[in-house]
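Written below as C-alpha cells is the structure these notes are about.
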Amino acid sequence: MTLHALWPHTALMTVLAGAVLMAYVAFNGMLLVWLERKVSARFQRRLGPTEVGWAGLLQSAADVIKLLAKQLITPRHVDRPLYHVAPVLVFVPVLAGISLFPFDRHLQLHDFNIGLVLLFALAGLGFLGIFMAGWGSNNKYALLGAMRAVAQNIAYEIPLILATLPVVLLARTMSLREVVEAQQQLWFVVQQPVAFAIYFIAAVAETNRAPFDIPEAESELVAGFHTEYSGMRFAFFFLAEYTNMTIVCMIAATLFLGGYIGPSWLPVPGWVWFFGKVYLLLLVMMWLRWTFPRLRFDQLMSFAWGVLIPLAIVNLLLTAVAIKVWR
Amino acid sequence: MAEIWGEPAPRPLAGNGDDTYYLNMGPQHPSMHGVLRLLLHLRGEEILEAEPVIGYAHRAHEKMAENRNYLMFLPNSSRVDYLSGMIYNLAYCQAMERLLGIEVPERAEHIRVIVSELNRISSHLLWFGTFLLDLGGVTPFLYAFDDREEILTILERVTGSRLTYSYGRFGGVTQDVDALFVEQTLAFVARLRGRMPDYHALVSDNVIFRHRCEGVGLIDQATALRYGVTGPCLRACGVPYDLRRAEPYGIYSRFSFEIPTQPAGDIFARYLVRLAEMEQSCRIIEQAVAALPAGPIMPEKQKKRFKPEVGESYFAVESARGHFGIYIVSDGSELPLRLKLRTPSFANLSAVGAVLKGTMIADTVAILGSVDVVLPEVDR
C-alpha cells in the first residue's frame, strides 16, 4: 500500500513528502560530510572536527552557512547558460531518484512498476549536468574532468545495470517494493554474491568516489569538472555527489540486502533496517576511499570493459540458465 | 617547442584535424611540488611533449653569498633545500672546514652523522607522503607526517628549529646533545622499524599502487647518466653510486651500511630504493649513537672572523635527493668571490622532462612525485 492509497489528498501529500525528502537530502548531505570527516580522521590518526557542537556535529551546518553567504563568482569566459544550469541539472535527478525507494513496507511515495529503470535513467541524467559543467566552464582542467566523467559513466553504467538484472530475473519484477518483498526468505546477496560485488564496485565508480574519483582527481585536474564553481553552486555538486552515494547504497540495500526486511523476531521497525544497511554500505565506501590510491584512467576503463562487463554478462547468463532449469 | 614562447599557442581552427592543445600545469597546481610549471602539449590525455619551466622560486642564493661574509651565509644554506636542510647546512660547514683547514672534534662528527641521517629519513618520509598524495592516497600522507613529526620534535629540541636548521658551525655544532636525545633517537628508530611493515602492507602490496608504478616513468641508465641524475633516482637504475661510499666525507667510512639499488628504473624502483634507504639510515644512526664519544663539540680555539687563503674548494655530500656540491672560490677576503651550488633536483628534473613524452596526465604527476624534486632547490 502506498501513501496515495492511504490518503485522499494525494497532491498535497506528494508536495509534503517532497518537502520531507528535500529536507532529508540536505540533512543527509550534512551528516555524510560530518561522517566522512570523522571517519577519515580516525583512519589517519586524527580527531576530525571537534569544536562546533558535540563531537563537531554542527560543523557541517556551519559550513553550509559559510557556503550560503559566499559570493557567487561567475568567471568571465564561461558559457553562461550551461554554466548556470549545470549545478541544478546535476542535483534534480538525484532528488527525484531518492523519492523512489521503499523506506519501509508502507513508507514509499509511489511504487512504480519500472522503478529500477527509472532510477538508472535518472542516474544517467546527472552526468549530463557534469558534462555541461565541464564544457561550460571553458577551462581545460574542467573539460578534461568532464571528458573523463562521461567515459567513466558509460563504462560503468553497463556493469552496474548488468549486475542488477539477475536480481530482476530472480524477483520477476522491476518494482522496488516487490523486489524487497521477494527477499522475505533469503536476501539476494546470498544467491548473487558476484552480482553484488560487481554492483558495488561499479557503484563506487559511478559516484566518482576514490579509488575511481578520476573526473575530479585533485592531484591531476585540480578539481576536475567543478574547478570553476564556488559557493552554493559548488555545494550543489557536492550535495549531489553525497546523495548519489546514498542512492547507490539504497539500491544495493533494496536489491541485495533485503531493504527494510530484518530478522522478524527483532522488534525493530523496517525503516531502521533499511537506513542501517544504507549507512553501513556508505561507511564501506568511505573506508575504500581512505585506503586506496587512485587508478589511472586507462586502467579504470580496461577494468570495466575487460573484467567487470564480461563477468557480469557471464553471471547474468548463468543465472538465467539456472532459473530456466530449476524453476 | 620553443616557437610557442614568443607568441600564444596557435588556436586550432575547427575541422583542420588538429585536436591537440597546450596546457600549463602549474606554477599554481596541487601536485607541482611548489612552483614548477610544466608546459604540456596534449592530445586528449596523452602527452606529446612536456617542458619543465623553472625559476619561480629563484632567490639568488649564490649572489647573496657574494654579498655577505662566510658565517652570514650559514642560514641560507639550509633554505636551499628546506626538506633536508640539515644536510645542506652541514655540507656548507664541511666545505668551509676544508677551505679553512679546521679539525672537527669526534663528538661533533658523530652528532652530525646522527642529525643528518635523521634529516634524510624525515625528507624521505615527507616524499613518501606527498608521493602517495599525488597518486590519490591521502591516508599514507598523514601516517608519514606522524612519523616525521617525531624527527622534527627531536631535532627541534637540539637545534631550536624544525625545518631550516643552522645547527652547524665551522668546526663543529652549536649545541651538545644529551642522554634524552639519544633515548628519543633510538626510540624513533625502533618506532620506524615497527611502522615499515605497515607501510608495505598499506602501500607496497596494494594492487592499484603497483599498477600505477610498475613499468611507468622509466629512466634508463644511459638517460640517467647523461642528465647527471643522482641520488635514489640513479640508484633505482641499478647504479650503486652514493657519495657516502664513493667519496666518503665526515666519518661515514667508519659505518657499515648497504647502498640499496633496484635494476628497473621505474617509479616502483625509486619507491623501493627510498624505503630501503630509510632502513640503512636507521642502521647508521644506531652505529653512530653507539660510538658517540664524550668530548668537546667545537674546536678549542674558535675564530670570530674567517678569511680563507686564496684558493678554491669543491665539497660534495649525498643529500636526500642526491649529489649536492658546494664550490667556493676565495680571494682571501671575508666574502667569497664566488659560491656555486650544484643541486641534485635540477639534474633530476631535467631527466623527468625527457621521460614524460608519451605518458598520460596521471603518469606525469606520478613520475614527478617519484623523482622527489624540491623546486626552491632547483631554482636556488
Side-chain angles (χ1 to χ4, degrees), chain A residues 36-37 39-48 77 134 138-152 201 204-205 208-224 227 286-303 306-307, chain B residues 9 19 21-26 28-33 38 40 42 44-46 129-147 149 195 198 201-204 206-214 216-217 267 271 359-369:
Chain A
E36 179 113 87
R37 292 180 68 171
V39 166
S40 68
R42 296 296 168 179
F43 270 84
Q44 298 164 353
R45 304 162 66 88
R46 297 184 288 118
L47 290 175
H77 299 294
N138 201 2
N139 174 314
K140 287 170 186 168
Y141 289 118
L143 182 62
L144 273 170
M147 272 156 42
R148 288 176 170 197
V150 170
Q152 183 174 339
I201 293 170
V204 174
N208 300 338
R209 291 278 299 182
F212 308 109
D213 60 341
I214 285 163
E216 44 196 290
E218 74 280 352
S219 58
E220 295 155 28
L221 303 183
V222 189
T227 303
M286 290 178 186
W287 178 22
L288 288 176
R289 172 169 176 187
W290 298 108
T291 307
F292 289 118
R294 185 182 303 120
L295 277 160
R296 204 174 63 204
F297 186 59
D298 55 325
Q299 294 167 347
L300 179 93
M301 298 308 273
S302 58
F303 182 59
V307 180
Chain B
D19 52 356
Y21 61 102
Y22 292 91
L23 177 66
N24 268 313
M25 214 166 175
Q28 276 91 34
H29 187 280
S31 46
M32 286 295 119
H33 293 264
L38 276 180
L40 302 175
L42 297 161
E45 296 234 353
E46 189 199 348
T130 52
F131 172 53
L132 262 293
L133 208 55
D134 289 344
L135 293 181
V138 184
T139 302
F141 172 77
L142 281 124
Y143 276 56
F145 264 60
D146 189 26
D147 280 347
E149 184 67 23
R195 284 297 272 276
D198 288 352
L202 182 65
V203 179
S204 317
N206 186 305
V207 60
I208 298 177
F209 176 77
R210 288 290 190 92
H211 271 101
R212 288 293 305 273
C213 294
E214 281 176 336
V216 179
I267 295 179
Y271 168 85
T359 62
M360 300 176 83
I361 291 180
D363 287 333
T364 308
V365 172
I367 294 167
L368 195 68

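Sequence lines set the chain letters: A, B, ... in the order given, protein chains first and strands last, and positions in each chain run from 1. None of the values given here were measured: they were computed from a predicted structure.
- With rounding to the nearest 0.5 Å, the separation of NE2 in B:His211 from CG in A:Asp298 is 10.5 Å.
- A centroid separation of less than 6.0 Å is found between the aromatic rings of B:His29 and A:Tyr141.
- Rounded to the nearest 0.5 Å, atoms CZ (A:Phe43) and CG (B:Leu142) are 13.0 Å apart.
- For B:Tyr143, the part lying near chain A is the side chain, with the backbone staying farther off; criterion is any non-hydrogen pair under 4.5 Å.
- The residue among B:Leu133, B:Ile361, B:Leu23 with the most heavy atom pairs within less than 4.5 Å of chain A is B:Leu23.
- Of the candidates B:Leu135, B:Val203, B:Leu202, B:Leu135 is the only one forming a side-chain contact (heavy atoms from CB on, under 4.5 Å) with A:Pro293.
- Looking at B:Val207, there are no atoms closer than 4.5 Å to chain A (heavy atoms on both sides), in backbone or side chain.
- Annotation for B:Gln28: atom CD does not count as buried by contact number, only 12 or fewer foreign heavy atoms lying within 6.0 Å.
- For A:Arg289, no part lies near chain B; criterion is any non-hydrogen pair under 4.5 Å.
- Only the side chain of B:Val365 comes within less than 4.5 Å of a heavy atom in chain A; its backbone stays farther off.
- Side-chain atoms of B:Thr139 never come within 3.5 Å of backbone atoms of A:Thr291 as a donor-acceptor pair (strictly under, hydrogens ignored).
- Minimum heavy-atom separation, A:Arg296 to B:Arg212: N-CD, 3.5 Å.
- To the nearest 0.5 angstrom, A:Met147 atom CE is 6.0 Å from B:Glu45 atom CD.
- At distances below 3.5 Å, at least one donor-acceptor pair connects side-chain atoms of A:Lys140 with backbone N or O atoms of B:Tyr22.
- For chain A, the option among B:Leu132, B:Thr364, B:Asp134 with the highest count of heavy-atom pairs below 4.5 Å is B:Asp134.
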